[in-house]
Amino acid sequence: MPDWPFEPPRKPMEARVRERFPEPPGWAYEPKWDGFRALAWSAGADGEPRLDSRNERPLLRYFPELRAALDALPAGTVVDGEIVVVTGNVTDFDALQQRVHPAESRIERLSVETPAQLVAFDLLAVGSEDLRGQPFGARRGRLEALLASLDAPWSLTPSTRDLDTAEEWHARFEAAGCDGIVAKRLDGTYVEGKREMLKIKHRRTIDAVVGGYRVHKEGDRIGSLLLGMYDAEGRMHFVGHISGFADEERVALLARFEALRADASFGEDARQPGMESRWSGGRESGFVPVRPEVVLEASYDQVTGMRLRHAARFERWRPDKDPAECTLDGLELPDGAGFADVVAAAHPDT
């Protein structure tokens, strides 16, 4: 690490979720990227650059192909950004997750097969000058100047002060894998670890079949309901879960779904809840299958690999809906811009 004349940054600034855009003036709006948040450091006194996660975990060993990009940073530079993997002009979070692996041989192979990229959206220091106390509007200008001198795999995220443009991006950039818009105060300083930004995420609804449940640790109530949707061959795939129920609802739900217990529910060759996933982290994740008879409407924010990234939110029961009508095409991303189109929007005059 260089000899910093100030306490170096450790944790990135965070964001709070909001349903609506803050009204201008005084705000900048940017795409919310679907990757690993990271602080990228230029080489220090030991000659080694750093790429650290939001939890201060070193990531560079998993992304050796990004070493040259970090080496290109001027001395005493820290960039706040996102590590992404792009497949078919769309950010691919599944492929990105696969990059974090203990085996050196696998890391080297995947660095060639699914190389990562860096999207920059804030500048915390440059030339050993601490920029965190400067307003975002000024930091953005310095970031644009820096990125003008950097080549791929660096990209500059687009930024606008126009609300109509931000709302258009919110809809059009989802197809590229962006999962909403981040709003930043133009006069705001960079406050580490604090939720000083706002994020306006996508919220969509699906109709899904309850294919099973997990019992709460208390043992007398539902922990979560497991959701399924059918493919074109009629196999039901596990797509996500709902867990946000009040305690009295959990008790009643356990009684309801215990009466529907079955030997199996999700298709034999389909994705199962017990399979290793981002939710289980490789741990055993048993569940109780039920007859696929109950349909509900759920809302969600993100889709990865035809499944819900985060826990869904229960909206209502759908006794009027045939389970067979709950098909995976309801999870498809809308048409819109690709990754290259999004980053090109950072340079509208070129």
Side-chain angles (χ1 to χ4, degrees), residues 12-35 37 79-84 86 88-93 117-124 131 134-150 152-191 195-205 299-303 309 332-350:
M13 187 162 66
E14 301 285 354
R16 293 170 286 151
V17 176
R18 287 290 181 267
E19 296 290 330
R20 297 180 180 179
F21 286 83
E23 295 281 341
W27 293 90
Y29 311 97
E30 302 178 357
K32 183 180 180 300
W33 292 96
D34 189 16
R37 181 79 175 276
V79 176
D80 187 1
E82 201 93 3
I83 306 170
V84 298
V86 180
N89 212 19
V90 178
T91 58
D92 187 339
F93 194 81
Q117 303 186 41
L118 288 162
V119 181
F121 43 72
D122 210 335
L123 185 60
L124 311 192
L131 303 181
Q134 296 189 15
F136 173 70
R139 299 199 309 275
R140 173 70 190 190
R142 299 285 291 273
L143 179 66
E144 291 174 357
L146 173 65
L147 265 291
S149 66
L150 299 177
W154 283 106
S155 291
L156 173 67
T157 199
S159 184
T160 183
R161 302 179 185 188
D162 180 69
L163 181 57
D164 290 340
T165 300
E167 290 176 336
E168 184 223 341
W169 286 356
H170 188 261
R172 193 165 63 89
F173 287 178
E174 186 180 5
C178 297
D179 65 322
I181 295 292
V182 173
K184 302 176 179 179
R185 295 186 184 276
L186 287 169
D187 61 358
T189 60
Y190 193 94
V191 186
R195 298 186 180 277
E196 296 293 321
M197 304 181 292
L198 303 179
K199 56 184 175 184
I200 302 89
K201 303 187 75 173
H202 298 113
R203 202 78 200 171
R204 300 183 179 278
T205 62
S299 60
Y300 65 96
D301 57 2
Q302 264 180 290
V303 174
R309 171 80 70 80
E332 293 180 356
L333 288 174
D335 293 333
F339 175 84
D341 302 310
V342 176
V343 296
H347 310 282
D349 298 327
T350 61

Applying side-chain contact (heavy atoms from CB on, under 4.5 Å) to His170 and His202, what does each step give before you reach the verdict? CA-CA 8 Å; His170 188 261; His202 298 113; 3.4 Å; yes

Looking at every heavy atom in both Pro158 and Val342, which two are closest together, and how far apart are they? CG-O, 3.3 Å

Residues Leu123, Val79; criterion side-chain contact (heavy atoms from CB on, under 4.5 Å); working and verdict: CA-CA 5 Å; Leu123 185 60; Val79 176; 3.9 Å; yes

How many angstroms lie between atom CZ of Arg140 and atom CG of Leu131, to the nearest 0.5 angstrom? 14.0 Å

Donor-acceptor pair, distance only, cut-off 3.5 Å: does the side chain of Tyr29 make one with the backbone of Pro22? yes

Please report the interatomic distance OG1(Thr91) to CZ(Phe173), rounded to the nearest 0.5 Å. 12.5 Å

Walk me through it: do Gln134 and Arg142 pass the test side-chain contact (heavy atoms from CB on, under 4.5 Å)? CA-CA 11 Å; Gln134 296 189 15; Arg142 299 285 291 273; 4.1 Å; yes

Say you draw a straight line from CG of Asp187 to CZ of Phe136; how long is it, rounded to the nearest 0.5 Å? 11.5 Å

Which pair of heavy atoms, one from Ala175 and one from Val90, lies closest together, and at what distance? O-CG2, 3.4 Å

Straight-line distance of Gln302 CD to Cys178 SG, nearest 0.5 Å: 10.0 Å

Heavy-atom side-chain proximity of Leu156 to Val343 below 4.5 angstrom: no

Verify the ring-centre separation between Trp33 and Phe339: is it less than 6.0 angstrom? yes

Nearest heavy-atom contact between Ala120 and Leu147 is CB-CD2, 3.9 Å

Any pair with a residue in residues 12-25 that passes side chain to side chain donor-acceptor pair (under 3.5 Å), sequence neighbours left out, goes on the list, sorted by first then second residue, please. Glu14-Arg54

Any chance CZ of Arg185 has more than 12 other-residue heavy atoms, nucleotides or ligands included, within less than 6.0 Å? no

Show your working on salt bridge (charged side-chain N to carboxylate O under 4.0 Å, His left out) between Arg309 and Asp179 and close with a plain yes or no. CA-CA 11 Å; Arg309 171 80 70 80; Asp179 65 322; over 6 Å; no

Cation over ring, Arg139 on Tyr190, under 6.0 Å and within 45°? no

Using every non-hydrogen atom in the two residues, find where Asn89 and Ala340 come nearest and quote the distance to one decimal. OD1-N, 3.0 Å

From Lys201 NZ over to Asp301 CG, what is the distance, rounded to the nearest 0.5 angstrom? 4.0 Å

Pairing residues for Thr160 by the side chain to side chain donor-acceptor pair (under 3.5 Å) criterion, not counting sequence neighbours: none

Do Met197 and Lys32 come close enough that some side-chain heavy atom pair is under 4.5 Å? no

Donor-acceptor under 3.5 Å (Arg161 side chain, Pro24 main chain): no

For a quick test of reading the model, state the closest non-hydrogen atom pair linking Asp34 to Gly177 and the distance between them. CB-O, 3.1 Å

Using side-chain contact (heavy atoms from CB on, under 4.5 Å), reason through Met13 and Thr189 one step at a time and then give a plain yes or no. CA-CA 10 Å; Met13 187 162 66; Thr189 60; over 6 Å; no

Leu198 and Trp27, any side-chain heavy atoms less than 4.5 Å apart: yes

Nearest heavy-atom pair of Gly338 and Ala176: which atoms, and what distance? C-CB, 3.5 Å

Can you tell me how far the OG1 atom of Thr157 sits from the CG atom of Leu118, to the nearest 0.5 Å? 12.5 Å

